[in-house]
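A short write-up of the structure that comes next.
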Protein chains: 2
Amino acid sequence: MSNPPLSHNDSGSSDVDVLDALIRTAHYVKREFETRLSSMDIPAYLTGPRLRLLLAVSEAGQIRMSDLAAIMGIKAITVTQFVDALEKEHLLVRMPDPKDRRATLVKLTDAAPPLVEQARAAAKRVKEKLLEPLPPEMRSQLLDILSRLADFKNVCIFETKES
Amino acid sequence: MSNPPLSHNDSGSSDVDVLDALIRTAHYVKREFETRLSSMDIPAYLTGPRLRLLLAVSEAGQIRMSDLAAIMGIKAITVTQFVDALEKEHLLVRMPDPKDRRATLVKLTDAAPPLVEQARAAAKRVKEKLLEPLPPEMRSQLLDILSRLADFKNVCIFETKES
DNA sequence: TATTGTTATACTCTATAACTATA
DNA sequence: TATAGTTATAGAGTATAACAATA
């Protein structure tokens, strides 16, 4: 066996590994989240990102696809694909925006709300389970730390609709 | 000390959103990491996961593919695909394991070390940049918190550090 | 029978580029 | 000219299932 040189701990190997840990943990959490969700009545096609989009639509009532792209931090084409997938499952529908004929509004179908509610509740239970090992003060510490790493101030467009 | 402007305690909306924040932040960090890395001389095919595998091989010297799967927390087939990609770029090679003829050992090619070192250094610089907004004590807090969410005790087969 | 790695296949997420319709 | 959304295409990451060789 070779002895690995473990002396680069001084100038920040561990400082830097925290990012790896972040990505790895997030990946683990994401997978756990989706696995547990689909083991709970929630159909497998309702993945994390799609559910997030669906919930955004649900909160907004009606929303333009370009706004969805903005609040989710993804490209328009990706929204198109999520909407395609969810429309195929009859969870949401497209409508022309009467104010701007280039734009498309998206809203839930009449059939969607029960599943959306079920998914929201299941997601919440799963998240609570995953967060269990974390005492409350660590949760807010984590939130604080994360917000310093990346500030997602653009996420809350929901309250500001006036027009 | 500022009071966190959390809307409050119960029924848990904020309790639960910290997981979303985690996933979203990790996703942001990951994308930033890869974008900045490929804007630095590092070829685009050397993505985060592939680089991680390459570094694992580099540290191990020779390593079985099944061990790579174990320490990276991915399936054997995924290792196969990473190794395929990196072998195509002449960064690593497969060798039969003389101890077990079912197994395959992987090691760096002679050509790999310069690029590996360059990539390791670039990755470190990028990570330091991304971590800049985080004071040192928050970095260790974060590491602590993450380790409670998911314990990756299996990750360090490399360092036989005393404890 | 169990394990190692592979082929074949598939799906999700994400994107760029080129395009249409509209503003 | 610029914006909204789409088609076509691509690539990365990940996986399951079936299989061959070996243990």
Side-chain angles (χ1 to χ4, degrees), chain A residues 23-24 26-35 37-38 42-54 62-89 92-106, chain B residues 23-24 26-35 37-38 42-54 62-89 92-106:
Chain A
I23 292 173
R24 218 160 51 225
H27 183 231
Y28 163 81
V29 163
K30 191 172 156 184
R31 274 205 295 199
E32 276 302 301
F33 178 73
E34 299 202 356
T35 304
L37 209 61
S38 49
I42 308 304
Y45 62 75
L46 216 47
T47 59
R50 288 175 186 175
L51 179 55
R52 230 175 306 135
L53 186 140
L54 197 59
Q62 289 184 344
I63 187 169
R64 281 169 63 153
M65 296 183 65
S66 54
D67 288 338
L68 281 171
I71 68 174
M72 294 188 67
I74 56 182
K75 299 296 180 196
I77 179 61
T78 306
V79 171
T80 295
Q81 288 159 172
F82 287 170
V83 170
D84 284 350
L86 293 167
E87 198 170 37
K88 199 184 307 173
E89 305 294 341
L92 44 79
V93 284
R94 279 176 240 238
M95 313 161 37
D97 183 342
K99 304 255 175 83
D100 182 342
R101 294 203 330 225
R102 294 169 306 176
T104 300
L105 294 173
V106 172
Chain B
I23 292 172
R24 218 162 48 227
H27 183 231
Y28 163 80
V29 162
K30 192 171 154 185
R31 273 204 297 200
E32 276 301 301
F33 178 73
E34 298 203 358
T35 304
L37 208 61
S38 50
I42 309 303
Y45 62 75
L46 216 44
T47 59
R50 289 175 185 177
L51 179 54
R52 232 177 302 136
L53 186 140
L54 199 59
Q62 290 185 344
I63 187 168
R64 282 169 62 153
M65 296 182 64
S66 55
D67 288 339
L68 281 171
I71 67 176
M72 294 189 68
I74 56 182
K75 300 295 182 201
I77 178 63
T78 307
V79 171
T80 295
Q81 288 158 174
F82 287 172
V83 170
D84 283 350
L86 294 167
E87 199 170 35
K88 199 184 306 173
E89 304 294 340
L92 45 80
V93 285
R94 278 178 241 240
M95 313 161 38
D97 183 343
K99 303 252 176 88
D100 182 341
R101 293 202 331 224
R102 295 171 305 180
T104 301
L105 295 173
V106 173

**OP:** Answer yes or no: does a side-chain N or O of A:R94 lie under 4.0 Å from OP1 or OP2 of D:dT6?
**Re:** yes
**OP:** Could you tell me whether B:T47 contacts a base, only the sugar-phosphate backbone, or nothing, with contacts defined as non-hydrogen atoms closer than 4.0 Å?
**Re:** sugar-phosphate
Subject >> Between C:dT4 (C1') and B:K99 (NZ): distance, integer Å >> reply: 17 Å
Original post:
Please give, in whole Å, the distance from D:dG13 C1' to B:L68 CG?
Top reply: 16 Å
Original post:
Between C:dA15, C:dT6, C:dT12, which one does the side chain of A:R50 approach most closely?
Top reply: C:dT12
Original post:
Do the side-chain N or O atoms of B:T80 get closer than 4.0 angstrom to the phosphate oxygens (OP1, OP2) of C:dG5?
Top reply: no
Subject >> Options C:dT16, D:dA23, D:dT7, nucleotide nearest the side-chain atoms of B:R101 >> reply: D:dA23
**OP:** Ignoring backbone atoms, test whether A:T78 places a side-chain nitrogen or oxygen under 4.0 Å from the OP1 or OP2 oxygen of C:dA15.
**Re:** yes
Original post:
Would you call B:L68 and B:F82 a side-chain contact if the rule is heavy atoms closer than 4.5 Å?
Top reply: no
Original post:
What is the nucleic acid contact for A:S66, judged by heavy atoms within less than 4.0 Å: base, sugar-phosphate only, or nothing?
Top reply: sugar-phosphate
Original post:
Among D:dG13, D:dA4, C:dT14, which nucleotide sits nearest the side chain of B:P49?
Top reply: D:dG13
Original post:
Among the nucleotides C:dA15, C:dC13, D:dG13, which one has an atom lying closest to any side-chain atom of A:F82?
Top reply: C:dC13
Original post:
Base, sugar-phosphate, or nothing: which does A:D100 touch, judged by heavy atoms less than 4.0 Å apart?
Top reply: sugar-phosphate
Subject >> Electrostatic pair B:K99-B:D97, nearest N-O below 4.0 angstrom >> reply: no
Original post:
Relative to the 5' end of DNA chain D, which residue comes earlier, A:R31 or A:Q81, by the nucleotide with the nearest heavy atom?
Top reply: A:Q81
Original post:
Rounded to whole angstroms, how far apart are NZ on B:K88 and C1' on D:dG11?
Top reply: 11 Å
Subject >> Heavy-atom check, side chain of B:M72 versus side chain of B:V79, under 4.5 Å >> reply: no
Original post:
Rounded to the Å, how far apart are A:R64 CZ and C:dT22 P?
Top reply: 14 Å
Original post:
Between D:dT7, C:dA15, D:dG13, which one does the side chain of A:I74 approach most closely?
Top reply: C:dA15
**OP:** Give the rounded distance in Å between these two atoms: CG of A:D67 and P of D:dT3.
**Re:** 14 Å
Original post:
How long is the line joining CE of B:M95 and P of C:dG5, in whole Å?
Top reply: 13 Å
Original post:
Between the main-chain N or O of A:L86 and the side-chain N or O of A:R50, is there a donor-acceptor pair closer than 3.5 Å?
Top reply: no
Original post:
Whole Å only: how far is the CG atom of B:L51 from the C1' atom of D:dG13?
Top reply: 15 Å
**OP:** Could you tell me whether the side chain of B:L53 reaches within less than 4.5 Å of the side chain of B:L92, counting heavy atoms only?
**Re:** yes
**OP:** Check the distance between C:dC19's P and A:I77's CD1 and give it to me in whole angstrom.
**Re:** 15 Å
Subject >> Residue pair B:L51, B:I42: steps toward the side chain to side chain contact (heavy atoms under 4.5 Å, CB included) verdict >> reply: CA-CA 10 Å; B:L51 179 54; B:I42 309 303; 5.9 Å; no
Original post:
B:R102 side chain: which of C:dA23, D:dA21, C:dG5 is closest?
Top reply: D:dA21
